[in-house]
Amino acid sequence: TKWNSETLIFAFIAVEKTQKKGKEQFVETNVEGYVLIPISENSYRKVLIDSYGEEGAIAEIESIFFSNADKDKQKELIILCKWNQDRHANPISGNLYQVYVYDNLHLQKTPEVLTAINLKNKFPLEFDGTNDAGEKSKAKYINAAKIKQRLKQLGF
């Protein structure tokens with residue numbers, strides 16, 4: 001895809017890691033995101049976007065898009081993650097949502113890891129569903145259109 005006129009590839013992979021807690025071992029699955037930057041016809045530079053850990057379930061990349069989220073002219077990378085909570089005991093059902101924002105790439109000085117822009121106070125972790133007390137809640141930022149609308153309200 002194109003990001004600020006640069007053609008790039010975005011890739012997300014699930015990576016299982018064995019963790020230890022006391023004497024117990026368990027497998028945790030993180031979703032790792034990468035930007036692949038072409039450096040020749042068949043060669044790419046791999047830049048880590050981020051690693052998204054489990055939140056009661058394995059992270060799902062719900063949406064990836066570009067929008068202005070700071071004061072410069074270039075668009076930033078926005079990733080919406082979702083974690084399905086239906087595996088829990090009844091009556092818990094629904095999804096957790098989190099918006100992640102990353103600064104635009106400067107290809108002259110390509111970083112090892114993208115720079116995160118912390119907007120979690122504007123886009124907190126949200127639950128859309130029914131909690132363990134049977135109470136329903138509605139998440140606000142569950143798609144690109146709603147996130148872009150909020151960014152415009154914030155003056156971006």
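In this text, all values refer to a predicted model and were calculated from it rather than measured experimentally. For this chain, numbers begin at 1 and follow the sequence in order.
Across all non-hydrogen atoms, the minimal contact from I78 to A69 is CD1-CB, 4.3 Å. Closest approach of A14 and T29 over heavy atoms only: CB-CG2, 3.8 Å.
Side-chain contact of K2 with T7: a donor-acceptor pair under 3.5 Å is present, judged by distance alone. In the model, D50 has a side-chain atom that pairs as donor or acceptor with a side-chain atom of Y102 under 3.5 Å. Between E32 and Y34, the side chains place a donor N or O and an acceptor N or O closer than 3.5 Å (distance only, hydrogens not considered).
Taking Y97 as the reference, nothing meets the side-chain hydrogen bond (donor to acceptor under 3.5 Å, both in side chains) condition, with sequence neighbours excluded. Applying the side-chain contact (heavy atoms from CB on, under 4.5 Å) criterion to I92, with sequence neighbours excluded, gives Q85, H88, D132. Q153 is linked by a side-chain hydrogen bond (donor to acceptor under 3.5 Å, both in side chains) to nothing, counting only residues two or more places apart in sequence or in another chain. With sequence neighbours excluded, the residues that form a salt bridge (Lys or Arg N to Asp or Glu O under 4.0 Å) with D128 are K138. Partners of E135 according to the side-chain hydrogen bond (donor to acceptor under 3.5 Å, both in side chains) rule, which considers only residues two or more places apart in sequence or in another chain, are N131.
Tested against E76 for a side chain to side chain contact (heavy atoms under 4.5 Å, CB included), the candidates N68, T115, L105 yield a single pass: N68.
Between the side chain of Q98 and the backbone N or O of C81 there is no donor-acceptor pair closer than 3.5 Å.
The ring pair (Phe, Tyr, Trp, His ring centres under 6.0 Å) contacts involving residues 105-141 comprise F123-Y141, where partners must be two or more places apart or lie in separate chains.
Atom CD of Q19 has more than 12 neighbouring heavy atoms from other residues, nucleotides or ligands inside a 6.0 Å radius.
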